[in-house]
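Throughout, a chain's letter reflects where its sequence line sits, starting with A, and its residues are numbered from 1.
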There are 2 protein chains.
Amino acid sequence: IYRSISGVATDKDQACVTIMDVPDQPGIAARIVGGLAKKAIVVDMIMQAFHPTAGLNNITFTVASTDLPQTIKTLEELKTEMGAKAVHADEDIAKVSLVGAGMAGQPDVAARLFETLGAAKINIKMISSSEMKITCVVSRGQADKAAKLIHDAFELEKV
Amino acid sequence: IYRSISGVATDKDQACVTIMDVPDQPGIAARIVGGLAKKAIVVDMIMQAFHPTAGLNNITFTVASTDLPQTIKTLEELKTEMGAKAVHADEDIAKVSLVGAGMAGQPDVAARLFETLGAAKINIKMISSSEMKITCVVSRGQADKAAKLIHDAFELEKV
Ligand SMILES: C[C@@H](O)[C@H](N)C(=O)O
Ligand SMILES: C[C@@H](O)[C@H](N)C(=O)O
């Protein structure tokens with residue numbers, strides 16, 4: 001059933017940041033990510049999903065933990081320039097990702113992944129998925145346990 | 001510079017849904033995605049990024065446009081069961097994705113992608129990225145224009 005899944009990968013060296021209530025207008029995402037690119041900050045797991053207020057948005061992403069201070073500083077400057085509300089950071093994160101070539105069109109895969117963590121009372125802080133990868137962000141202290149449970153649930157080797 | 005980028009892909013056959021203000025507790029993501037999996041609804045682009053209120057979260061994802069009515073019905077039932085606030089849907093979407101094996105560690109790639117759309121005044125409704133793919137969701141009517149601009153900016157062939 002799960003032959004298309006190749007493994008589980010863990011990354012415990014990142015932190016997560018969100019710039020809150022940015023204007024939802026063309027060019028804003030470019031200014032934010034461009035401002036970080038100028039500082040050679042590598043941005044991963046960019047997420048802009050939903051904001052209940054029309055005209056506003058939140059942009060979330062992860063960076064290497066060592067880049068967090070510079071990231072926050074840069075985002076605070078951008079916040080002031082564009083009139084965003086706040087910059088929020090969470091250092092207590094780890095990415096635990098299920099990786100596979102053929103997960104598209106298999107609704108049970110994501111369900112089983114989330115059930116595996118839910119049954120163990122591991123809270124999922126963030127989620128990002130594509131056809132090739134489903135990433136759950138959990139508290140860093142739970143990453144190894146989460147990876148082991150997923151490995152067992154899907155009968156995998158760790159990548 | 002951009003040899004690791006293989007192309008731009010467009011998907012105009014999806015709709016986007018968000019279940020708002022779900023309890024941020026273990027097992028909740030499993031119940032939501034599991035409930036849809038039971039109806040054989042294929043869920044793509046799952047995103048759970050940020051919620052300003054501790055203890056709550058939003059989960060957003062895309063489905064085939066033809067699955068939208070069943071998705072909304074299922075989510076409304078789950079909303080009632082778990083005490084979530086609302087189900088929000090947006091049918092006016094298209095995914096425009098930059099695909100490439102080696103985009104990780106290249107901060108300029110995402111910046112250039114967003115600048116290309118921003119300069120054309122194309123609003124980016126949602127963003128999801130991994131090392132292999134950066135997906136921008138735009139209004140469906142702008143998808144072809146967005147893909148062409150990205151194709152030109154990165155000197156690509158469409159996948
Ligand atoms: C909101 C939802 O993702 C919840 N945190 C869970 O772990 O299932
Ligand atoms: C919020 C931000 O993504 C904005 N919508 C943009 O297009 O740049």
*Side chain from CB out, backbone as N, CA, C, O: work out which of these in A:Ile41 comes under 4.5 Å of a heavy atom of chain B, or both, or neither.*
backbone

*Considering only heavy atoms and a distance below 4.5 Å, find which of A:Ala30, A:Ala110, A:Ser130 pairs most often with chain B.*
A:Ala30

_A:Lys38 atom NZ, neighbour heavy-atom count above 12 within 6.0 Å_ = no

*Shortest non-hydrogen contact from A:Pro107 toward B:Val33*: O-CG1, 4.5 Å

*Write out, in numerical order, the residues from residues 44-67 of chain A with a heavy atom short of 4.5 Å from a heavy atom in chain B.*
A:Asp44, A:Met45, A:Ile46, A:Met47, A:Gln48, A:Ala49, A:Phe50, A:Pro52, A:Asn57, A:Asn58, A:Thr60

*Does B:Glu131 reach the side chain of A:Lys133, with side-chain heavy atoms less than 4.5 Å apart?*
yes

*Do B:Ile32 and B:Met20 share a hydrophobic cluster (ILVMFWY, side-chain heavy atoms under 4.5 Å, transitive)?*
no

*Counting a contact as any heavy-atom pair under 4.5 Å apart, which residues of residues 68-97 of chain A contact chain B?*
A:His88

*Determine the option with the most heavy-atom pairs under 4.5 angstrom with chain B, choosing from A:Ala40, A:Ala111, A:Ala119, A:Cys136.*
A:Ala111

_Hphob cluster co-occupancy, A:Met126 + A:Met132, side-chain heavy atoms under 4.5 angstrom_ = no

_Pick from A:Val137, A:Ile122, A:Leu117 with the largest number of heavy-atom pairs that fall under 4.5 Å of chain B_ = A:Ile122

_What part of A:Ser128 gets within 4.5 angstrom of chain B, counting heavy atoms only: side chain, backbone, both, or neither?_
both

*Write down the atom of A:Asp24, the atom of B:Ile124, and the distance for their closest heavy-atom approach.*
OD1-O, 3.8 Å

*For chain B, the option from A:Gly35, A:Ala37, A:Gly27 that forms the most heavy-atom pairs under 4.5 Å*: A:Ala37

*asked:* Under a 4.0 Å threshold between the charged nitrogen and the carboxylate oxygen, would A:Arg31 count as salt-bridged to B:Glu115?
replied: no

_Membership question, hydrophobic clusters at under 4.5 Å side-chain separation (ILVMFWY): are A:Val17 and A:Ile28 in the same one?_
yes

